[in-house]
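All remarks here apply to the structure that follows.
This structure is a prediction, so every number in the text was calculated from the model and none was measured. Order of the sequence lines sets the chain letters (A, B, ...), proteins ahead of strands, with each chain counted from 1.
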Amino acid sequence: MPELPEVETVKNGMAAVLNGETVAAVDLYRPDLRVPFPENLHDFMKGRRITALKRRAKYILMVLDDRNVFILHLGMSGRVLLLGAGQEYERQKHDHLILSTDSGVRMVYNDARRFGMVYFCHEDALDAHPAFATMGPEPLGNHFSGEVLYQALKKRKTPIKVALLDQKLVVGVGNIYASEALYKARIRPTRRADSITKRESDTLYSAIIAVLNAAIAAGGSTLRDHRQADGSLGYFQHNFAVYDRGGQACPDCDCDVTMTSGIKKITQGSRSTYYCPGRQV
DNA sequence: AGTGTCGCCTGAATGC
DNA sequence: TGCATTCAGGCGACAC
């Protein structure tokens, strides 16, 4: 479900409430999500102070004062609910993990499809962890650029849209923002990755940065709204240009939809892709 | 090594 | 109303 901007938003919401808190308990309500929960999670975490919340790719990292890290991936349907001290709460269906702190704050992890993952490892071992070892660069970090993208795409024969979803190439971009970035860069998603020119790579790089940053900004405002509501940090509504808008007019076209059929939906690598045939070549 | 397919799991939306 | 089918934003295992 969530891509980089949603994960960033959830992480920021968790940081605002959990930073500096001391873990009182970690309660599990089933043995596993997609993979088994780490063994003795409660014993490892109880009494430890939370010193930082970070994000790497689509993973949330909760760093403890002994430098062990509670690692959470939201999968497709993962949601985080934050409850203030003394707040009434009845456990809901698909609530699988509840972390509570000494001051009475609780973090509820709910995941209907259980595609999420929880890992636990020392900060020094993070880079070697199987989930992180083969990861590509952060799109918003210093190790990603038009040139880096260009060099990576040169070696790929898959459609550019499929290549963007590969976390070895660049992390954090999922099915929605791949379509959105290609639309913004005016590149047709069916183009072979190795046909993308340096110039197009530069444009696509800028488009990726722009759509991710815009979504993070939208998530930030959603976060403030949610804080006042029920503390639920999950997906947020964002205005997409093409995603899930098959048959509609794209925002930058003035063409007649009855003639052009509007935004087109196709399937690539068994995932849905949306694009505007008029603007993306 | 790069590429394509499958499956994990539940719920919402759709079709009959 | 009930039942079957399809689809969903991620990721890793697997075969070629």
Chain A on DNA chain B: first and last contacting nucleotide, 5' to 3', under 4.0 Å to a heavy atom?
dT3(B) to dG11(B)
Expressed as a whole number of Å, how far does the P atom of dT5(B) sit from that of dC7(C)?
16 Å
Roughly how far apart, to the nearest Å, are dT6(C) and dC6(B) at atom P?
15 Å
Between D166(A) and R156(A) (salt bridge meaning N to carboxylate O under 4.0 Å), is one present in this structure?
yes
Sequence neighbours excluded, which residues qualify as salt bridge (charged side-chain N to carboxylate O under 4.0 Å, His left out) partners of R49(A)?
none
If you measure from the Lys or Arg side-chain nitrogens to the Asp or Glu carboxylate oxygens, is any gap between E123(A) and K54(A) under 4.0 Å?
yes
Using a cut-off of strictly less than 4.0 Å, decide whether K168(A) has a side-chain nitrogen or oxygen near OP1 or OP2 of dG12(C).
no
Would you write the dot-bracket representation of DNA chain C, where each base gets (, ), [, ], | or . depending on whether it forms a Watson-Crick or G-U pair under 3.5 Å and with which partner?
.|||||||.|||||||
May I ask you to check whether over 12 heavy atoms, not counting those of K184(A), lie within 6.0 Å of atom NZ?
no
Side-chain ion pair, R191(A) and E200(A), N-O less than 4.0 Å
yes
Residue from L18(A), L83(A), L81(A), T101(A) passing side chain to side chain contact (heavy atoms under 4.5 Å, CB included) with R106(A)
L83(A)
For DNA chain B, which residues of residues 113-133 of chain A approach it to below 4.0 angstrom with any heavy atom?
R113(A), R114(A), F115(A)
Looking at F120(A), I'd like to know if its CZ atom is crowded, meaning that more than 12 non-hydrogen atoms belonging to other residues, nucleotides or ligands lie closer than 6.0 Å.
yes
If you assign N175(A) and Y59(A) each to the DNA chain C nucleotide with the nearest heavy atom, which residue ends up on the more 5' nucleotide?
N175(A)
Salt bridge (charged side-chain N to carboxylate O under 4.0 Å, His left out) with R48(A): which of D43(A), D66(A), D102(A)?
D66(A)
May I ask you to say whether R67(A) pairs ionically with D124(A), meaning some side-chain N is under 4.0 Å from a carboxylate O?
yes
Strictly by salt bridge (Lys or Arg N to Asp or Glu O under 4.0 Å), give each pair with a member in residues 172-182 of chain A just once, sequence neighbours left out.
none
Using a 4.0 Å heavy-atom cut-off, does S270(A) contact any base of the nucleic acid, only the sugar-phosphate backbone, or nothing at all?
nothing
If two hydrophobic side chains count as joined below 4.5 Å and joins carry through other members, does Y119(A) share a cluster with L97(A)?
no
Look at the aromatic rings of F132(A) and Y59(A) and report parallel, tilted or perpendicular, splitting at 30° and 60°.
tilted
Those residues of residues 150-159 of chain A lying under 4.0 Å from DNA chain B by at least one heavy atom:
R156(A), K157(A), T158(A)
